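Scroll down for the structure; my scribbles are underneath it.
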Amino acid sequence: MMRWLHWRLPKPRRKGPLFLKEVIPIVEDVGIDEAFLDISSIGRASDEIAREIKRRIKEGTDLNCSIGIAPNKLLSKIASDLEKPDGLIIITEEDIEKRIWPLPARKLRGVGPKTEAYLKEMGVKTIGELAALPLERLVEEFGQSYGNYLYEASRGIDESQLVTHWEPKSISRETTFQRDIDNWQLIAKNLVELIQGVVGSMKEENYRGRTVTVKVRFNDFKTYTRAKSLDEFTDSEPEIRRAAFDCLGRFELKKKVRLIGVRISNLEKEGNEDRD
DNA sequence: TCTGGGGTCCTAGGACCC
DNA sequence: TCTGGGGTCCTAGGACCC
């Protein structure tokens, strides 16, 4: 039987996850103030484990934290959210109907403002009401992938595993101007600086990339992207700059610009291909 | 939250190839 | 010459998360 623990500090703290690693070495960090732990193999009662973690965090940081323990990650996170900032909630399979189903659908990870509004139009407010919908209906409304996800999540089903290491898929920088601008020179100057930032990160982490994307948000908050894929992976600033300005040139800069950003994706870790 | 920054994943259409 | 299907890559946009 799987047993997961999710904990969250009341305020973002750099040291949060690091500190917890002393208690349980294998954790999945989610941002800087929360983490998942797989406590399935710890032969102690859930509340005992939770209290011990809370005690140690209190001693180490003088902060309270909220903890949720449940059969999977999805539920443990919802549980820790139920009682903030100093909660301890334990949820079992049997509690799903009583404790999860009355909650707003928005509490499910992956359900944001748009989906929440759409569900309301369908007459669905709670997770339980979502769980009452047949799979076919959900797939029809939301597509295969998301429809299936909602079907399972609303039933408290989540088989995702602990993720302790992942490679970035993209590296980006963006900046919002203090005032909306239409000065092309200034936009270009900012783009160059952002590219320098991205290339700096790439070199630091030893990545090269193939696809350069430039993002522009106008003063009406409409956001557009233009992308260019190169033939070869690169971390060369001039090459990336050429691609980025090619993208920039494909925008109609008729409205004032609020934000400009650059992203490089299609990443490859340098040295991975010419080993052996 | 009249809206910051850095990410992920999904969808959909078009190009191109076999 | 025309038709057709499938696979893959590229591009653009959108929703969502912390």
Side-chain angles (χ1 to χ4, degrees), chain A residues 6-14 16-17 27-36 65-66 73-74 77-78 80-81 84 104-119 138-150 153 158 160 163 165-180 190-191 193-195 197-202 204-205 207 209-233 243-244 246-252 256-268:
Chain A
H6 179 267
W7 69 278
R8 179 200 313 260
L9 290 175
K11 278 185 197 142
R13 283 297 173 109
R14 283 257 156 241
V27 307
E28 172 177 343
D29 300 343
V30 192
I32 57 174
D33 60 343
E34 55 181 291
F36 289 106
C65 69
S66 40
K73 287 163 76 174
L74 175 85
K77 181 159 170 148
I78 293 177
S80 79
D81 194 56
K84 288 190 284 192
R106 181 69 209 267
K107 290 284 177 187
L108 288 178
R109 190 180 172 281
V111 176
K114 300 285 181 181
T115 305
E116 181 186 37
Y118 191 79
L119 284 170
L138 290 169
V139 168
E140 194 182 302
E141 298 279 358
F142 298 103
Q144 271 298 331
S145 170
Y146 193 44
N148 270 297
Y149 170 77
L150 290 177
D158 169 33
S160 62
V163 179
H165 175 79
W166 65 93
E167 298 290 331
K169 299 277 174 25
S170 66
I171 297 171
S172 68
R173 291 287 185 284
E174 63 183 56
T175 186
T176 300
F177 299 116
Q178 301 274 321
R179 290 172 302 132
D180 302 337
N190 275 275
L191 183 56
E193 287 170 9
L194 294 170
I195 291 164
V198 166
V199 170
S201 293
M202 290 174 74
E204 235 170 76
E205 310 283 331
Y207 285 100
R210 270 190 55 227
T211 304
V212 179
T213 305
V214 171
K215 167 174 165 184
V216 172
R217 173 128 74 215
F218 292 103
N219 55 0
D220 57 5
F221 222 71
K222 288 221 163 66
T223 307
Y224 303 90
T225 60
R226 293 292 177 268
K228 186 176 174 79
S229 291
L230 306 168
D231 291 336
E232 309 273 340
F233 291 95
D246 178 288
C247 293
L248 183 64
R250 281 146 56 201
F251 283 103
E252 272 202 69
K256 290 198 173 188
V257 172
R258 167 160 307 184
L259 169 152
I260 183 143
V262 63
R263 175 171 70 243
I264 185 134
S265 53
N266 246 320
L267 297 179
E268 166 195 84

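Source: prediction; values computed, not measured. Reminder, nothing fancy here: chain letters follow the sequence lines and each chain counts from 1.
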Checklist entry - Does one side chain, of A:T225 or A:R263, offer a donor that lies under 3.5 Å from an acceptor on the other? => result no
Item to check | Integer-rounded Å distance: C:dA12 C1' and A:R263 CZ | outcome: 10 Å
Item to check | Rounded interatomic separation in angstrom, taking CD from A:E34 and P from C:dC17 | outcome: 12 Å
Next on the checklist: Is the ring pair A:Y146/A:Y149 parallel, tilted or perpendicular, if the boundaries are 30 and 60 degrees?
Outcome noted: parallel
Item to check | Nearest listed nucleotide, side chain of A:T225, among C:dC10, C:dC17, C:dG13 | outcome: C:dG13
Next on the checklist: Does the structure show a Watson-Crick or G-U wobble partner for B:dC18, both distances under 3.5 Å? Name it, or say none.
Outcome noted: C:dG5
Next on the checklist: Taking A:R250 first and then A:D246, would you say they form a salt bridge - that is, a charged N and a carboxylate O separated by under 4.0 Å?
Outcome noted: yes
Checklist entry - Quick one: on DNA chain B, does A:P168 or A:S145 contact a more 5' nucleotide (nearest heavy atom)? => result A:P168
Checklist entry - Rounded to whole angstrom units, what separation is found between the CG atom of A:L108 and the P atom of C:dA15? => result 18 Å
Next on the checklist: Between the base of B:dC2 and the ring of A:F221 - centre-to-centre under 5.5 Å, planes within under 30° - is that a stack?
Outcome noted: no
Checklist entry - Which value, in whole Å, describes the distance between the P atoms of nucleotides C:dG4 and B:dA12? => result 23 Å
Item to check | Closest approach of A:A153 to A:L74 (non-hydrogen atoms, all atoms of both residues) | outcome: O-CD2, 3.6 Å
